[in-house]
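Below: one structure, written as structure tokens.
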Amino acid sequence: MTEQLRASPPHRYEEISRRLLEQARQELDAGDILQASEKIWGATAHYLKAVAQERGWNHHAHNHLRDVAGYIGFAHDRQDLRILFQGLENMHINYYEHQKLESDVRDELHVATRFIAEMSELRRLEIPERQDHLSPNEASDQERRLRSLTTKTPRIPRGSLPR
């Protein structure tokens, strides 16, 4: 990851997300299912990075993106977004495993567009202080997600690891 991208403001991640969605459409139209799959995942990931960056949350690891989707979804009683995210995560897997048909990937492109639009609506809302709709286990999961997103992890300088 380049330093420029690491320091990108949320609107830069959103711009990349929009561009990747368009590229996914083009790749699908050209019949390149693998590239379309990875572009769909990339669009989703970059949009979640925008959400996280805006809130000052960690977003440099795959599990952080999962936690962003889960935390926002559960906070707003939209657990369906977590399920949509899991399908979109499969697009990243499909890039390596090539298990999905073109129609599956096309469906996921629509899901990604919907997921991003719905996350866009939710990200502008304040996260409720109280989340009474959560079970004790879900509340515990939310606490874990928030810890993951807000705990500062030490950065290891490049070249400092033993060979």
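These values consider heavy atoms only, across backbone and side chains, with no hydrogens, waters or symmetry-generated copies. Numbering of residues begins at 1 and proceeds along the displayed sequence.
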Interatomic distance, Glu89 atom CD to Ile40 atom CD1 [nearest 0.5 angstrom]: 14.0 Å
Distance (rounded to the nearest 0.5 Å) between Lys49 NZ and His59 NE2: 5.5 Å
Phe85 and Phe115 aromatic ring geometry - parallel, tilted or perpendicular at 30°/60° bounds: tilted
Heavy atoms of other groups near Tyr95 OH, more than 12 under 6.0 Å: no
Qualifying salt bridge (charged side-chain N to carboxylate O under 4.0 Å, His left out) pairs, either residue in residues 138-148, two or more places apart: Asp67-Arg144
Cluster overlap Leu84 with Leu109, hydrophobic side-chain contacts below 4.5 Å: yes
Cluster overlap Ile127 with Leu65, hydrophobic side-chain contacts below 4.5 Å: yes
Flag for Arg123-Tyr47: side-chain donor and acceptor within less than 3.5 Å: yes
Leu134 side chain reached by Gln131 side chain, heavy atoms, under 4.5 Å: yes
Common cluster, Leu20/Val51, ILVMFWY with side-chain heavy-atom separation under 4.5 Å: no
Straight-line distance of Thr113 OG1 to His110 NE2, nearest 0.5 Å: 7.5 Å
Exam field: side chain Asn94 to backbone Gln99, donor-acceptor pair closer than 3.5 Å: yes
Donor-acceptor contact present, side-chain His92 to main-chain Ala45, <3.5 Å: no
Heavy-atom donor-acceptor pair, Asn58 side chain to Ser148 backbone, under 3.5 Å: yes
Heavy-atom donor-acceptor pair, Thr150 side chain to Leu146 backbone, under 3.5 Å: yes
Side-chain ion pair, Glu102 and Arg106, N-O less than 4.0 Å: yes
Gap between atom OG of Ser120 and atom CD of Glu14 - 0.5 Å precision: 6.5 Å
Separation between CD of Glu121 and CZ of Arg78, rounded to the nearest 0.5 Å: 10.0 Å
Path from Leu48 to Leu122 over hydrophobic side-chain contacts below 4.5 Å: yes
Rounded distance [0.5 Å steps], CD in Glu15 versus NE2 in His46: 10.5 Å
Output field: ring centroids Trp41/His62 closer than 6.0 Å: yes
Pair Glu22 + Arg25: basic N to acidic O under 4.0 Å: yes
Heavy-atom closest contact (Ala36 atom, Ala24 atom, distance): CB-O, 3.7 Å
Polar side-chain atom of Gln142 near backbone of Tyr71 as donor-acceptor pair, under 3.5 Å: yes
Closest non-hydrogen atom pair between Ala50 and Pro10, with its separation: CB-O, 3.5 Å
pair Met91-Lys100: side-chain heavy atoms closer than 4.5 Å: yes
Side-chain donor or acceptor of His76 paired with backbone N/O of Gly73 under 3.5 Å: no
Any donor-acceptor N/O pair, Asp32 side chain to Gln35 backbone, under 3.5 Å: yes
Heavy-atom closest pair, residues Ala43 and Ser17: O-OG, 2.7 Å
Heavy-atom pair with the smallest gap, counting every atom of Ala112 and Leu21: CB-CD2, 4.0 Å
Shared hydrophobic cluster for Leu81 and Leu125 (ILVMFWY, side-chain gaps under 4.5 Å): yes
His64/Trp57 under side chain to side chain contact (heavy atoms under 4.5 Å, CB included): CA gap, chis, key distance, verdict: CA-CA 8 Å; His64 292 143; Trp57 290 346; over 6 Å; no
